[in-house]
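Lettering follows sequence order; numbering is per chain, from 1. Just the heavy atoms: all of them, side chains too, but no hydrogens, waters or symmetry mates, feed the values below.
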Amino acid sequence: MSEALGIIWRRVLTGALTVVGAITLLFLLIRFVPGDLASILYGPRVTDALRASLAERMGTDQPLPVQLVLFLSHAVRGDFGINVISGRPILDEILGVLPNTLALAFSALGLSLLIGFPLGALAAVRPGSLADRILGVLSVVLITTPSFVVAILLLLVFSLALDWLPVAGAGTPGDPVDQLAHLILPTTALAVGWIGYLARLVRASLLEVLAEAHVRTLRAYGVPEWRVILIYALRPALIPVVAILGMALGDLIGGALFAELIFGRPGLGTLAYNAVVSRNFAVVQATTTVIVLVYVTANIAVDILSGLIDPRFRRTEGEAAR
Amino acid sequence: MTSDFSRRHFLLTSAAAGLVPFALGLPAARAAAGGTVTLRLGDDLSNLDPAYRVGTVEGNILRAVCQQLARFKPGSLDWEPDAAKTITQNSDTEIEFELNPGQMFHGGYGEMTAEDVKFSFERFTKPDKTGAMVPYADDFAALDHVEVTGTYTGKLILKNPAPAIWTIGICDASGTILSKKAFEALGDKVATQAIGTGPYLFKEWKAREHVILAANPDYKGADTAPFAELTLKPIVENRTALLALMAGEVALTETDVTAEDELAKAKANGIETLKIDGIDYTWIAINVQKGPLADLKVRQAIRLGIDVQSILEGAYGGKVGRANALLAPALLGYWADAPVYNRDPAAAKALLAEAGQTGISLTFTCLNDAISQATAQIVQANLAEIGITLTINAIDPGAYWAMGSGDASKDLDLTLIPYTSKFDPGFQTQWFVSAQVGVWNWQRWKNAEFDTLHKEAGSTLDKAVRQEKYVRMQQLLDESASCVWITHGAHLFGYAKTLKPVMLPDGTDWQLRDFAPA
């Protein structure tokens with residue numbers, strides 16, 4: 001138990017360092033991009049005094065190290081400051097859209113697993129069969145089809161031709177059915193690539209496990225095939241799948257931007273994108289911090305989950321600590 | 001796993017796919033029936049303070065929620081009293097008004113008085129709490145002060161004669177009358193709450209999801225709100241908005257002018273098209289202080305070397321008209337006889353030879369949107385034929401507009417510039433005066449006569465005199481060959497046939513309070 005806690009502690013510590021490092025890097029990168037908020041917002045109307053006023057309100061008139069320290073010290077208290085354009089607390093703006101993005105990313109991940117995993121398993125238990133070959137082609141098609149093409153096709157079919165699902169928005173707040181209806185198409189568009197990828201990963205992983213000596217031994221002992229697959233092969237086959245989930249979630253949160261744009265959904269991606277375009281540094285820093293936090297947290301969770309599934313992981317971690 | 005997605009890919013793919021519903025004769029718009037209507041906003045709100053508003057979206061909402069002393073008549077540049085019972089120009093520098101009594105601000109902030117007018121307008125003439133003038137200070141640059149003469153009466157005292165104060169100040173969003181009491185009570189929240197006396201009240205703003213305007217039951221004017229509620233839904237992508245229109249989720253959207261043919265095909269499905277020629281201006285600025293471009297003959301050669309018609313066809317799908325001068329046909333000062341420079345490579349080469357210039361290499365700076373880049377490529381090909389090598393520098397808006405400070409424009413050669421306009425021509429000519437060199441005059445062209453005319457035309461009330469002066473200013477610009485005019489643009493709207501939208505003649509200013517069921 002103490003060994004497991006030690007592993008978790010090390011993971012959290014590494015994660016915290018990663019977050020600080022990533023935030024610092026992003027903080028510096030955005031500062032080297034030319035342009036300022038006042039000029040973008042007001043174009044020819046901007047004056048030097050207005051430019052200076054906005055810079056002062058954003059704190060960008062301070063030396064870079066001071067800005068960074070101030071930002072980090074406030075961020076740990078959950079204070080991202082005020083959006084100088086809208087006058088609203090940035091945290092409120094983020095919290096207003098974060099559920100939409102998380103709902104989209106997690107539902108896309110769930111859908112990918114729900115469809116990709118059984119498809120991969122099905123292909124692995126019947127290698128070389130017609131189903132395997134069809135699934136092989138299908139998974140490549142899913143991986144290689146750009147998500148925005150899928151998004152448009154889905155809109156044309158399910159929103160326009162069939163009139164089953166809405167085109168744009170995130171649904172009426174407080175109406176879960178409406179919100180779910182608004183989630184279906186973007187989730188599907190976002191998940192398509194990962195369905196194909198997970199199907200191929202599960203197939204390859206399960207085939208590898210099924211070819212191992214302990215499986216041959218089980219079969220030689222006359223253990224029923226369903227039991228061999230479900231009890232003895234699937235669990236080790238899960239390890240690479242679980243390992244990839246953290247990365248998948250990060251990718252889906254990043255990819256949510258396109259879905260938010262095409263489906264007109266409010267979300268963290270569009271908030272961050274607009275902030276970058278307008279050089280609204282405070283909002284850029286805050287949104288990227290949240291994205292990094294979600295990504296790192298997901299990867300820590302995945303590492304812990306991997307440890308629970310795979311004893312070799314715990315052993316390696318333990319040896320590394322010693 | 002990250003898809004190589006770009007807006008260009010999206011538009012190209014969806015343009016093809018977008019034809020499918022029309023071919024199939026699919027859904028009909030159905031959003032405008034009844035007492036509520038949903039309209040698409042191209043962007044979300046940013047700041048509802050009239051002095052700090054960021055775009056036309058805020059202005060459109062402010063004019064529906066707040067009243068002005070006078071407002072533009074529906075679809076017209078003529079004005080009529082709004083909050084004022086009477087408003088008259090007593091002299092070149094004095095405008096007198098009397099408010100209608102009993103005009104109550106939303107949210108219990110009391111009755112509108114002349115003190116509110118004074119407060120609302122004089123904010124533009126003084127530094128704000130940070131010491132900076134508000135971004136829209138120029139809209140009331142001519143205002144000296146507002147003299148309150150009674151509860152409902154007052155006078156606008158001007159520093160100098162200023163015809164522009166009517167179109168840019170009083171009748172535009174800067175002229176919306178705020179509640180002094182509400183402003184002081186709300187503090188910074190005025191950015192997110194509009195308190196007015198207009199036919200609609202600002203009911204709800206859920207960031208990036210919707211804005212809801214509801215009919216104001218206390219509105220005293222004759223033009224009561226035609227809808228019980230207006231829902232404004234931000235959808236950034238034009239193509240998505242078009243699909244939402246087809247699916248009946250929104251009753252009106254602006255879209256790319258290149259979608260005109262698509263919209264026409266949707267007429268059978270209950271969708272109407274409205275196209276309004278723009279008053280904005282996009283041009284190629286030639287830096288008259290930079291190397292070979294300082295030679296007038298080189299600039300004239302460039303002007304003759306560029307095929308503007310090809311740009312309109314290639315970059316705008318042939319859906320916008322050509323500009324031949326700074327001011328659009330809808331504006332005072334329009335120069336109807338402006339010369340049209342058709343491409344003449346032989347004459348351009350001859351001019352370069354006369355100038356003794358060969359092997360010129362220049363940079364073409366533009367924004368990184370699809371239209372700008374397509375324009376840049378056409379210009380690059382055009383100028384290559386006359387022996388000028390062009391390097392395209394397409395940059396994002398942040399870096400692009402930053403060139404308006406620190407004299408950054410001194411390094412530019414050719415620059416494609418898109419500017420928005422106001423209804424007074426002086427708003428457009430102000431960027432071309434000598435004092436703007438190093439700021440927004442990226443041609444870096446200076447002309448004393450132009451400067452004088454700009455000043456005189458801006459303080460003359462006689463329309464005929466102003467017309468003459470603005471035409472002369474455009475002639476001077478033309479003689480300088482520092483600008484290659486491309487287009488004044490156009491605005492294309494698709495809307496449900498059950499809706500009657502009303503826009504001002506620029507296409508960007510929506511008169512939401514006049515939208516009605518058809």
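Using a 30° and 60° split on the angle between ring planes, B:Phe124 and B:Phe140 fall in the tilted class, from 30° to 60°. Between B:Phe432 and B:Trp283, the ring-plane angle classifies as tilted under the 30° and 60° cut-offs.
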Evaluate the criterion ring-ring contact (aromatic ring centres under 6.0 Å, His included) for residue pair B:Tyr400 and B:Trp442; output intermediate values, then yes/no. CA-CA 12 Å; B:Tyr400 181 88; B:Trp442 292 357; 5.4 Å; yes
List the steps, then state whether salt bridge (Lys or Arg N to Asp or Glu O under 4.0 Å) holds for B:Asp188 with B:Lys129. CA-CA 11 Å; B:Asp188 289 341; B:Lys129 62 186 177 189; 3.1 Å; yes
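B:Gln430 places a side-chain N or O within 3.5 Å of a backbone atom of B:Phe427 that can act as its donor or acceptor partner. Although no hydrogens or angles enter the test, the distance criterion places a donor-acceptor pair under 3.5 Å between the side chain of B:Asp396 and the main chain of B:Ala399.
For B:Trp440, the part lying near chain A is the side chain, with the backbone staying farther off; criterion is any non-hydrogen pair under 4.5 Å. Both the backbone and the side chain of B:Trp205 come within less than 4.5 Å of a heavy atom in chain A. Only the side chain of B:Lys206 comes within contact range of chain A, judged by heavy atoms closer than 4.5 Å. Both the backbone and the side chain of B:Tyr52 come within contact range of chain A, with heavy atoms under 4.5 Å apart. Neither the backbone nor the side chain of A:Arg265 has a heavy atom closer than 4.5 Å to any heavy atom of chain B. Heavy atoms of A:Leu50 lying under 4.5 Å from chain B belong to its backbone as well as its side chain.
The pair B:Arg40-B:Glu249 does not meet the salt-bridge criterion, since no charged nitrogen lies less than 4.0 angstrom from a carboxylate oxygen. Using a 4.0 Å cut-off between charged nitrogen and carboxylate oxygen, B:Asp128 and B:Arg123 do not count as a salt-bridge pair.
The greatest number of non-hydrogen atom pairs below 4.5 Å with chain A, out of B:Asp43, B:Thr192, B:Leu45, is found for B:Thr192. Heavy-atom pairs under 4.5 Å with chain A were tallied for B:Ala402, B:Pro135, B:Ala132, B:Ala244; the largest tally goes to B:Pro135. Interface remark: of the candidates B:Gly398, B:Gly187, B:Gly55, B:Gly398 forms the most heavy-atom pairs closer than 4.5 Å to chain A. Chosen from A:Ala170, A:Gly171, A:Ala248, A:Ala168, the residue pairing most often with chain B at heavy-atom distances under 4.5 Å is A:Ala168.
With 3.5 Å as the limit, one finds a donor-acceptor pair spanning the side chains of A:Glu260 and A:Thr101. Counting only N and O atoms by type, the side chains of B:Thr255 and B:Asn238 include no donor and acceptor under 3.5 Å apart.
Proximity to chain B at a heavy-atom threshold of 4.5 Å picks out A:Val277, A:Arg279 from residues 277-286 of chain A, in numerical order.
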Report all side-chain donor-acceptor pairs from residues 91-98 of chain A shorter than 3.5 Å, counting only partners two or more places apart or in another chain.
| residue | atom | partner | partner atom | Å |
| --- | --- | --- | --- | --- |
| A:Glu93 | OE1 | A:Asn83 | ND2 | 3.1 |
| A:Glu93 | OE2 | A:Asn83 | ND2 | 3.4 |
| A:Glu93 | OE2 | A:Ser86 | OG | 2.7 |

